[in-house]
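Here the structure comes first, spelled out in structure tokens, and everything after it is commentary.
Worth knowing before you read on, the calculation uses all heavy atoms, side chains too, and leaves out hydrogens, waters and symmetry mates.
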Amino acid sequence: MNPPSFRLPLAKTLHEQGRLQGQQPAGTYARRVLEQLLIDLSWYSSRLEGNSKSLLDTQELFLKGRSRGMTKTPQCS
């Protein structure tokens with residue numbers, strides 16, 4: 001049996017070879033899809049209520065916490 005010090009480089013090499021080039025960490029793709037879904041659902045819901053914000057404004061509101069023309073994040077009362 002090989003001592004652990006000899007197995008470590010092999011494990012590291014196999015890990016690097018098994019990983020796809022440019023592969024993202026686990027959950028990253030799902031998180032991006034979910035974020036876009038939430039933005040789209042929010043925008044469509046707002047449109048049904050008569051809101052005139054654009055899809056870009058809605059996306060900015062989700063990502064930055066505010067949209068163009070807002071100076072402060074709205075406070076709940």
Rounding to 0.5 Å, atoms OG1 (Thr58) and CG (Leu63) come to a distance of 10.5 Å
Rounding to 0.5 Å, atoms CD (Glu60) and NZ (Lys53) come to a distance of 9.0 Å
Residue pairs meeting side-chain hydrogen bond (donor to acceptor under 3.5 Å, both in side chains), one or both in residues 39-48, sequence neighbours left out, come to Gln36-Asp40
Interatomic distance, CG@Leu55 vs CD@Gln59, rounded to 0.5 Å, equals 6.5 Å
d(Leu56 CG, Leu61 CG) to nearest 0.5 Å is 12.5 Å
